[in-house]
Amino acid sequence: MRLKPTLLATSIIALQLGAPNIITAAKAATTTPATHSSKKAAKKSVAQTAHTTARASLPPKHTAPRSVDGRQTDSNEQMIVTGTHAFNRRARDSTSPISVLSAATLRHSGQMNLADAIVRTDPSISVNAMGADAGALTSSIRMRGLNPNEVLVLVDGKRRHTTANIYADAGPQQGSTPVDLNMIPAGAIDHIEILRDGAAAMYGSDAIAGVVNIILKKTPHGLNMTAQTGANAYNGDGWQYQLGVDGGFGFSGDGYVHMSGQMYHTDHMVPNTTDVRTVPGNAEYGGYTIPHNSNKVISTPEETRENLSIEFGKTLTEGITGYGLITYAHRHSEAYENYRLPSVAPSLYPYGFSPLETMEENDYSAMLGIKGDNLFGFSWDLSTTYGADEADVGNKNTANPSMISSTGFSPTTVRAESYRMAQWTNNFDMRRRFNIANVVPVTLAMGAEHRLETYQIWPGEPASYTSGGTQGYAGLMPENAGKWGRDVWAGYLDGDFHPLKHWDLDFAGRFEHYTDVGNTENGKVSTRYDITSKIAVRGTISNGFRAPTLAEEHFSSLNVSPTGASGLLSTTSAAGRSLGAQNLKPERSTSVEGGIIVEPVKGWHISADVYQINIRDRISGAASVYDQPALNAIDLTGATLPVGITNADVSANYFANVGSTRTQGLDIQSDYMFHLHQYGTLTTTLALNLNRTRVGHINDNSQDQPYLNAQSIAYLTSTSPRSKIILNAYWTKANWDVNLRQTRYGETTSMLTYQDQAPAALQYSNTTWGQFKNTPVWLTDIEVGYRLDSNWHFAVGANNVFNQRPRRLPKDLNYLGSNIYDTDSSGIGIAGGYYYGRINANF
């Protein structure tokens, strides 16, 4: 083994202090300036390259390279279709920061769910430690600490529809109705491209945080099967299993069909807790002899999910190709609510009960398109996509105590509400390559889009909301129901220029008209200059616009706990207006990014990018109002609170344009592969994200009161990690492969409400909060794999080997003694260590 001593020392230091790049490499390659690849590509005809259209599905022969024998390929060297309309652009040559996650990288994360796999491999993306109420039943991601609504998700370059299930509880994710990534079969994914800057002008004005573009497999051959199972080894619960299969076949010459299916199930993972109401001598002790760990509210949901996707395409006539995609997913999930004492419904539950919030969800989409090589010299793509998410939210193992008192009867299972969110999107895109005066190569792209969005709410069964509603989750009343919709019209123009041999300059502009909030103009200027073949600099300036979602404008609800209640009020209702609510305005953002890409020695690639995102009129939950004002507002909704509620523990809030924020950060990525000859190969990667958000201005409500207080400011600024570092080492030799990953989550800080065990003067205070910090922590993941032959691969692994969990809350911030974690934090999850085994078969 011959390595330069300085390179070896530097790489060892990087392994000790750094983190892995999202992109893992199977072989290293020297960086080539973007202009070189573009100049070379310019010699090809439009017909030869039309199928690489950025917003079109890729045919089989252009599918991105995948792993061989389960090993990871150099994703940086593949052609990308996100963040550029240029032809034959590699990820490493992009004018804006873009990361590529291969299917092998996602698989080696050890995670069964796509959202969790991305979090494990990308430092800029995080999820909450645990969702609250119905929010626990839908997956969502945050990018650079921003709200999930500010992340745009594409599938094969087409906008994906969002979930109907709104995150209604106060916190950093309140109001989010994100794309549920877990509704897409993992086996269908070829790779994922993540663009962080300049996305709004290209793909949609609401892509303020960035774009996640999921590229699906389109191969007309092969059969791939996977089976994985595992559990939380420390609790002995939380068992999971996943079965997946995908394969393709061809027909009529170049026609192809690729089908993918997946089944997933997970049990509850329930940490050991002690409910103070079960402990004799405690002030809240109810005198009942029941197990101390009866309250299971801090636990992961139980979920069963089935996913299916069918991708297809064929040449229809010379120069014209048809393509399509159909996806369907069904989910049943259940989440524990706080335990109710035997005194609540003794006739039905003499030993008390734990209500379960349930969701029955159907998610589906269909996309059809045609594309061609030559329309007045342009390659073109015409498509229509319809997608919808439907959810029935229910409550089981529950009771309505007021109904029992008045009638002697209460149902124990009810439907609390139903939602439907639908999106119909039509796109027409064109692009062409030519030279200005036979000197300046140009790629010109343009397109138009129409999007119809509809949102509908159905009320629950009367028992779910009458006289305070069912325990655990009160249903929506007829006053909360309705149907809303809007049209969005858009057009864009993008020009990619090469004024000089090593200089790339990209201008993009986008106009959008919303029928409910008006017009917006968004632009982007990106540039990159390759100083040498080893050093390049790049920068982007762009702006964005996010209209309030239909759910943020119209959703309202009431949630009841054992001792209190919280109401989320519509901004247009009399109840919301009584607390100062006003009509929502769109968010407007301005982003600036600058970076450098270097290759100090052959095969060692480093990039560093700094960024700043300013958002004006940011939409978030306004500061909660407590006690009598909240009671008065809830009364205006027509809702009735159950008896026994502590007035001081009654709160209400609504969505508002709370103020302006500034997010600043740094992304660093690095990768290098050691060729160890008879000892195999070792690919080392590092990725770092530093991120900080500050509130620059706080808006006032209609009563001249600030929308934000210290608690809601913390939701926006400090509940996501200040830093996240991922260090990865992937070693292969003969039939063996080992993946070792170290992840460091930085500090998060929350301002939490003082709960029932705090001194009486502090309980549920709306002026004083308890500051709680989750200190930095390292997680260790390891996977060991063995390839039996060309078809079979076996792996065993452990994520979070040392069972790291968030810090436990002190008793004065811990509701009932059983809510032991800060669920607003988006650092590490509550589940702790996870051990698994996996089998992959490829034919």
**Study point:** Audit row: T327, R160, side chain to side chain donor-acceptor pair (under 3.5 Å) steps and yes/no
**Key:** CA-CA 11 Å; T327 67; R160 177 77 174 179; 3.1 Å; yes

After noting the C-alpha distance and the side-chain angles of D381 and Y323, does the key distance pass the side chain to side chain donor-acceptor pair (under 3.5 Å) rule?
-> CA-CA 10 Å; D381 182 358; Y323 61 91; 2.4 Å; yes

Q: For the pair V414 and N400, evaluate side-chain contact (heavy atoms from CB on, under 4.5 Å) and give the outcome as yes or no after the intermediate values.
A: CA-CA 10 Å; V414 296; N400 186 322; over 6 Å; no

Requested in this report: Starting from the C-alpha separation in whole Å, work towards a yes-or-no answer on side chain to side chain donor-acceptor pair (under 3.5 Å) for D824 and S750.
Outcome: CA-CA 7 Å; D824 291 331; S750 297; 5.1 Å; no

For this session: Could you go through the side-chain contact (heavy atoms from CB on, under 4.5 Å) check for R142 and T719 one step at a time?
Result: CA-CA 11 Å; R142 301 172 66 187; T719 55; 3.7 Å; yes

- Message: Quick one, N519 with H513, criterion side chain to side chain donor-acceptor pair (under 3.5 Å). Give me CA distance, side-chain angles, the key distance, then yes/no.
- Response: CA-CA 4 Å; N519 301 333; H513 170 71; 2.5 Å; yes

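Between the side chains of Q711 and T753, a donor-acceptor pair is found at a separation under 3.5 Å. For the residue pair S556/N480, the side-chain donor-acceptor check at 3.5 Å is satisfied. Remark: the N182 side chain and the E303 side chain contain no N/O donor-acceptor pair separated by less than 3.5 Å. In this structure, a donor-acceptor pair under 3.5 Å is present between the side chains of T661 and R618. Between the side chains of T663 and T693, a donor-acceptor pair is found at a separation under 3.5 Å. Of the N and O atoms on the side chains of R546 and N147, not one donor lies less than 3.5 Å from an acceptor on the other residue. Using modelled atom types and a 3.5 Å distance limit, the side chains of T384 and N426 yield a donor-acceptor pair. In this structure, a donor-acceptor pair under 3.5 Å is present between the side chains of H265 and T304. A donor and an acceptor atom, one from each side chain of Y492 and D429, are located under 3.5 Å apart.
A117 approaches Q111 most closely through the heavy-atom pair N-CB, 3.7 Å. Here the shortest heavy-atom pairing between M130 and V297 reads CE-O, 3.7 Å. Closest approach of N395 to L356, counting heavy atoms only: OD1-O, 3.2 Å. T163 approaches N165 most closely through the heavy-atom pair OG1-N, 3.1 Å.
Within a 6.0 Å radius of CZ in R486, other residues, nucleotides and ligands contribute more than 12 heavy atoms. In W489, the CH2 atom is not crowded: 12 or fewer heavy atoms of neighbouring residues, nucleotides or ligands sit closer than 6.0 Å.
Classified by interplanar angle (parallel below 30°, tilted 30° to 60°, perpendicular above 60°), the ring pair Y336/H268 is tilted.
Rounding to the nearest 0.5 Å gives a distance of 10.5 Å between NZ of K585 and CD1 of I619. If you take OH on Y455 and CG on L550, they are separated by 8.5 Å, rounding to the nearest 0.5 Å. Rounding to the nearest 0.5 Å gives a distance of 8.0 Å between CD1 of I208 and CG of L146.
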Distance-only donor-acceptor hits, side chain of residues 457-467, under 3.5 Å, sequence neighbours excluded:
residue, atom, partner, partner atom, Å
E461, OE1, R415, N, 3.4
S464, OG, E461, O, 2.6
T466, OG1, P462, O, 2.6

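A side chain to side chain contact (heavy atoms under 4.5 Å, CB included) with Q173 is found for exactly one of S826, S140, P178, namely S140.
Note on residues 166-186: pairs passing salt bridge (charged side-chain N to carboxylate O under 4.0 Å, His left out), not counting sequence neighbours, are D180-R331.
T398 has its side chain out of reach of T413: every pair of non-hydrogen atoms, C-beta onward, lies at least 4.5 Å apart. Put simply, the side chain of F545 reaches to within 4.5 Å of the side chain of V517, judged on heavy atoms.
Counting only distance, with no hydrogens or angles, the side chain of S410 and the backbone of A399 share no donor-acceptor pair below 3.5 Å. Panel note: side chain D487, backbone H450; no donor-acceptor pair is recorded below 3.5 Å.
Salt bridge annotation for R510-E449: present, with a cationic side-chain nitrogen under 4.0 angstrom from a carboxylate oxygen.
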